[in-house]
K.L.:
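One structure, pasted below without further comment.
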Amino acid sequence: MKRTKIKFALADATIGEKILIKGWVRTFRNNQFIAINDGSTINNIQAVVDFESTDENVIKNINTGACLSIEGTLVESQGKGQRVEVVADKVEILGVCDPEVYPLQPKKHSLEFLREKAHIRVRTNTFSAVYRVRHAMTFAVHEFFNKKGFVNVHTPIITGSDAEGAGEMFRVTTLDPTQPPLDAAGSVDYKADFFEKETNLTVSGQLEGETAALALSEIYTFGPTFRAENSNTTRHLAEFWMIEPEMAFYDLQDNMDLAQEFLRYLIQYALDNCQEDLAFLNQRLLDEEKNKPQAERSEMSLLEKLQFVLDNDFERVAYTEAIQILRNSKPNKKKKFKYLIDEWGADLQSEHERFLVEKHFKKPVILYNYPKTIKAFYMRANDDDKTVGAMDVLFPGIGEIIGGSQREERLDVLKEKIAAMGIDEKEVWWYLETRSFGTAPHSGFGLGFERMIQFVTGMGNIRDVIPFPRTPGNAEF
RNA sequence: UCCUCAGUAGCUCAGCUGGUUAGAGCAUCUGACUGUUAAUCAGAGGGUCGUUGGUUCGAGUCCAACCUGAGGAGCCA
């Protein structure tokens, strides 16, 4: 007999039908009722065994975590918690699970505990829901861009340019770390290394993405990204996934339009396709909030928050305007901010971003036209000579979820900026050539995929939305 | 990296201003139970109180350093 996935057994199978299900035991009650889950849905199916006619050895091995194969008849349930159930004819233990040592129990575990059992945590409701939502979001990303005619480009993971300025990089080498070859000056001789030069893991596919956009018009990348920053926060990983669209002929406004449309598409897709998982995650958050003091509870539930983003346009605020709002804000006047805003040019701290998003506008905010002094070399200089065409999309609770800009397409301006930032032109010769050979106005942005998953699932810690998180001091599994 | 908080049974946590033998719920084990829903009921086992050092007649409790984790900050997506 062919196996039926539990998702389909619960939804589509007809009463009286003989079916075969396989999955892992969540609980076994009353020597009689097995709750089984195979990950196809958040819901378990209940199998009923007749314990008098079932082998004692089999009954003894129906423990939480064990893997079972059950053949039986789908019937309407006499109990209240479920519509249908399987009356088992044959129960086979595919994999035993010793309850003395199995870490999961039919109870709530802390996320911190489960993080240390990352190989097992996907067997919980919360993590299997997160994994499924993450998959749906991956699919939706490709669907969105595919529908729009964007070309997916695989940019390199090992990169030879270290000029991106997006942070500390992980070195890639095959040299012996204890005895590296040295050059005449006594430093490590990378000419002797595998690529005959210094190489690192990518911190962004943007520069390579731009070269593709200046031929295919609209492209996007979706791949792993690595930052060797010593960041210990709920929203940073050393290895994360980033989506970077890059579009020829888009100005900053077009870029913002696309960012908003894209984020909304993903959220709508989740609401349309992950209803049960989102309902569970929504409830999980509500339960969690019950333990918090009234003041710390959020005004909206997860589902309300997602709907809210769909219903309200993102507020677009120029940096200069944001500074004015902040300067005149209550927390600034009452000196409640740790970093007080007094003059134009200051970088915004997360307390300021949070004020704008969570208190002042109370919706997603796109900040744009930042001072050139605090932004990267490739961002397009505005006519005022003070600002660049940068934009950050800020989400409540997450902070910066997207960072992007219109790119500097004018060769002379770009060369000036590169010189000003102390970058060697030779390092980015190929990037500069794109500005010589038929340059075009273009824009792009980077979306932190895990941060998006955090927002959609309501998970507070980024380490809980990627299967095996890599953070400083942690690369287990 | 900086700041704050935490580390007590397998898990979640209680343990007051230092004072006999360190507690609870859940889990586990044993027994009961054929309509349960994190099943229920009865009983049992389970601890180098993160580590090291110090103060004290006496330390889970006080002090110091270190380790681990969490939250916040910075860096950013």
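Only this structure's heavy atoms are used, side chains among them; waters, hydrogens and symmetry mates stay out. Throughout, a chain's letter reflects where its sequence line sits, starting with A, and its residues are numbered from 1.
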K.L.:
Under the rule for salt bridge (charged side-chain N to carboxylate O under 4.0 Å, His left out), what residues qualify as partners of A:Lys90, not counting sequence neighbours?
P.N.:
A:Glu71

K.L.:
For the pair made of CD1 in A:Ile398 and P in B:G72, what is the distance, rounded to whole Å?
P.N.:
11 Å

K.L.:
Please state the C1' separation for the pair B:A59 and B:G18 - nearest whole angstrom.
P.N.:
6 Å

K.L.:
Show the atom names and distances, to 0.1 Å, of all donor-acceptor pairs under 3.5 Å that link a side chain in residues 97-107 of chain A to residues at least two apart or in another chain.
P.N.:
{"unit_1": "A:Asp98", "atom_1": "OD1", "unit_2": "A:Glu100", "atom_2": "N", "d": "2.9"}

K.L.:
Out of the candidates A:Leu266, A:Leu302, A:Val309, A:Val465, only one should pair with A:Phe455 under the side chain to side chain contact (heavy atoms under 4.5 Å, CB included) rule; please name it.
P.N.:
A:Val309

K.L.:
Between B:A70 and A:Arg463, is there an OP1 or OP2 to side-chain N/O distance shorter than 4.0 Å?
P.N.:
yes

K.L.:
Could you state the atom-to-atom distance from NE2 of A:His236 to C1' of B:A70 in whole Å?
P.N.:
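Atom NE2 in A:His236 sits about 17 Å away from atom C1' in B:A70.
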
K.L.:
Rounded to the Å, how far apart are A:Phe113 CZ and B:A70 P?
P.N.:
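Interatomic distance, CZ of A:Phe113 to P of B:A70: 14 Å.
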
K.L.:
So does A:Arg29 reach the base of B:C33 with its side chain, donor to acceptor, closer than 3.5 Å?
P.N.:
no

K.L.:
Charged N to carboxylate O below 4.0 Å: is that the case for A:Glu198 and A:Arg171?
P.N.:
yes

K.L.:
Among the nucleotides B:G74, B:A73, B:G35, which one has an atom lying closest to any side-chain atom of A:Gln82?
P.N.:
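The closest nucleotide is B:G35.
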
K.L.:
For B:G45 and B:A24, measure between their P atoms and round to the nearest Å.
P.N.:
12 Å

K.L.:
Could I get the full list of side-chain hydrogen bond (donor to acceptor under 3.5 Å, both in side chains) partners for A:Arg134, not counting sequence neighbours?
P.N.:
A:Glu450

K.L.:
Can you tell me the distance, in whole Å, between the CZ atom of A:Arg235 and the P atom of B:A70?
P.N.:
15 Å

K.L.:
Starting at the 5' end of nucleotides 25-31 of chain B, put B wherever the base has a protein heavy atom under 4.0 Å, S where only the sugar-phosphate does, and a dash everywhere else.
P.N.:
BSSSS--

K.L.:
Taking B:A64 as the reference, what is the distance to B:G25 when you measure between their P atoms (whole Å, please)?
P.N.:
36 Å

K.L.:
If a pair satisfies salt bridge (charged side-chain N to carboxylate O under 4.0 Å, His left out) and one of its residues is in residues 356-377 of chain A, list it, with sequence neighbours excluded.
P.N.:
A:Glu315-A:Lys363, A:Arg354-A:Glu358, A:Lys372-A:Asp385, A:Lys375-A:Asp392

K.L.:
What pairs with A:Glu288 under salt bridge (charged side-chain N to carboxylate O under 4.0 Å, His left out), at least two apart in sequence or on another chain?
P.N.:
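Listed in chain order: A:Arg284.
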
K.L.:
So what does A:Glu85 hit on the nucleic acid, given a heavy-atom distance under 4.0 Å: a base, only sugar-phosphate, or nothing?
P.N.:
base

K.L.:
For residues 453-477 of chain A, pull every pair meeting side chain to side chain donor-acceptor pair (under 3.5 Å), keeping only residues two or more places apart or in separate chains.
P.N.:
A:Arg115-A:Asp464, A:Arg121-A:Asp464

K.L.:
Would you call A:Phe240 stacked on B:A77, i.e. ring centres under 5.5 Å apart with the planes less than 30° off parallel?
P.N.:
yes

K.L.:
Identify whether any heavy atom of A:Phe51 sits under 4.0 Å from a base atom; if not, whether one sits that close to sugar-phosphate; answer base, sugar-phosphate or nothing.
P.N.:
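Base contact.
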
K.L.:
How many Å lie between CG on A:Asp392 and P on B:A77, as a whole number?
P.N.:
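Distance, rounded to whole Å: 7 Å.
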
K.L.:
Does A:Arg227 make a side-chain N or O approach to OP1 or OP2 of B:G74 shorter than 4.0 Å?
P.N.:
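So the side chain of A:Arg227 is outside the cut-off, no N or O lying under 4.0 Å from OP1 or OP2 of B:G74.
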
K.L.:
Just checking A:Phe145 against A:Phe262, ring centres under 6.0 Å apart?
P.N.:
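Distance test on ring centres: under 6.0 Å, yes.
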
K.L.:
What's the closest nucleotide to the side chain of A:Glu52 if the choices are B:U34, B:C75, B:G35?
P.N.:
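The closest nucleotide is B:U34.
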
K.L.:
Determine the Euclidean distance between corresponding C1' atoms of B:C33 and B:U40; express it in Å to zero decimal places.
P.N.:
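Rounded to whole Å, the distance is 9 Å.
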
K.L.:
Can you figure out which of B:A70, B:A73, B:U34 approaches the side chain of A:Arg354 most closely?
P.N.:
B:A73

K.L.:
When the aromatic ring centroids of A:Phe361 and A:Phe355 are compared, is their separation below 6.0 Å?
P.N.:
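They do not qualify: ring centres at least 6.0 Å apart.
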
K.L.:
If the C1' atom of B:U68 is compared with that of B:A14, how far apart are they to the nearest Å?
P.N.:
23 Å

K.L.:
Looking at B:G71, B:G35, B:C76, which one has an atom nearest to any side-chain atom of A:Asn461?
P.N.:
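When the side chain of A:Asn461 is considered, B:G71 is the closest of B:G71, B:G35, B:C76.
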
K.L.:
Using the C1' atom as the point on both nucleotides, what is the distance between B:U61 and B:G43, in whole Å?
P.N.:
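To the nearest whole Å, 33 Å.
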
K.L.:
Looking at A:Ser350, I'd like to know whether one of its side-chain N or O atoms comes within less than 4.0 Å of OP1 or OP2 on B:G74.
P.N.:
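Yes, within the criterion.
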
K.L.:
Would you tell me if any nitrogen or oxygen in the side chain of A:Thr233 comes within less than 4.0 Å of OP1 or OP2 on B:G71?
P.N.:
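So the side chain of A:Thr233 is outside the cut-off, no N or O lying under 4.0 Å from OP1 or OP2 of B:G71.
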
K.L.:
Would you classify A:Gly79 as touching base, sugar-phosphate or nothing, given that sugar-phosphate means primed atoms plus P, OP1 and OP2, and contacts are heavy atoms under 4.0 Å?
P.N.:
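Base, at least one base heavy atom under 4.0 Å.
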
K.L.:
Among residues at least two apart in sequence or on other chains, which ones pass side-chain hydrogen bond (donor to acceptor under 3.5 Å, both in side chains) with A:Gln349?
P.N.:
none

K.L.:
How many whole angstroms separate atom CD1 of A:Ile374 from atom P of B:G74?
P.N.:
13 Å

K.L.:
Under a cut-off of 3.5 Å for both distances of each Watson-Crick or G-U pair, what dot-bracket string does RNA chain B give, using [ ] for crossing pairs and | for inter-strand pairs?
P.N.:
(((((((..((((.....[...)))).(((((.......))))).....(((((..]....))))))))))))....

K.L.:
By the 4.0 Å heavy-atom rule, please label A:Glu351 as base, sugar-phosphate, or nothing.
P.N.:
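No contact.
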
K.L.:
Does the ring centre of A:Phe337 sit less than 6.0 Å away from the ring centre of A:His352?
P.N.:
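Ring centroids of A:His352 and A:Phe337 are less than 6.0 Å from each other.
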
K.L.:
Within the structure shown, what part of the strands sits under 4.0 Å from A:Arg115 by heavy-atom distance: base, sugar-phosphate, or nothing?
P.N.:
sugar-phosphate

K.L.:
In whole Å, measure the gap between the P atoms of B:A32 and B:G50 for me.
P.N.:
40 Å

K.L.:
Pull out every protein N or O sitting under 3.5 Å from an N or O of nucleotides 43-52 of chain B, one pair per line with the distance.
P.N.:
none

K.L.:
Could you report the tightest heavy-atom contact between A:Pro245 and A:Phe445, atom names first, then the distance?
P.N.:
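Nearest pair, atom of A:Pro245 first, then A:Phe445: CD-O, 3.0 Å.
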
K.L.:
Polar-atom pairs under 3.5 Å, protein N or O versus N or O of nucleotides 1-6 of chain B: list them with distances, or write none.
P.N.:
{"unit_1": "B:U1", "atom_1": "OP1", "unit_2": "A:Asn230", "atom_2": "ND2", "d": "2.8"}
{"unit_1": "B:U1", "atom_1": "O4", "unit_2": "A:Asn230", "atom_2": "O", "d": "3.4"}
{"unit_1": "B:U1", "atom_1": "O4", "unit_2": "A:Asn232", "atom_2": "ND2", "d": "3.0"}

K.L.:
Among all residues two or more places apart in sequence or in another chain, which pass the side chain to side chain contact (heavy atoms under 4.5 Å, CB included) test with A:Asp38?
P.N.:
A:Arg3, A:Lys5, A:Ile6, A:Ser40

K.L.:
So, A:Asp287 versus A:Gln283: side-chain donor-acceptor pair below 3.5 Å or not?
P.N.:
yes

K.L.:
From C-beta outward on A:Asp347, which listed nucleotide comes closest to its side chain: B:U34, B:C75, B:A77?
P.N.:
B:C75

K.L.:
Should we say atom CZ of A:Phe139 is surrounded by more than 12 heavy atoms from elsewhere, each under 6.0 Å from it?
P.N.:
no

K.L.:
How many whole angstroms separate atom OH of A:Tyr339 from atom P of B:G72?
P.N.:
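Rounded to whole Å, this separation is 16 Å.
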
K.L.:
To the nearest angstrom, how far is A:Phe337 atom CZ from B:G72 atom P?
P.N.:
17 Å

K.L.:
Output the single nucleotide from B:G74, B:U12, B:G35 whose closest atom is nearest the side chain of A:Gln349.
P.N.:
B:G74

K.L.:
In whole Å, measure the gap between the C1' atoms of B:A70 and B:U12 for me.
P.N.:
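Roughly 16 Å separates the two C1' atoms.
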
K.L.:
With a 6.0 Å cut-off on ring centres, are A:Tyr220 and A:His142 close enough?
P.N.:
yes

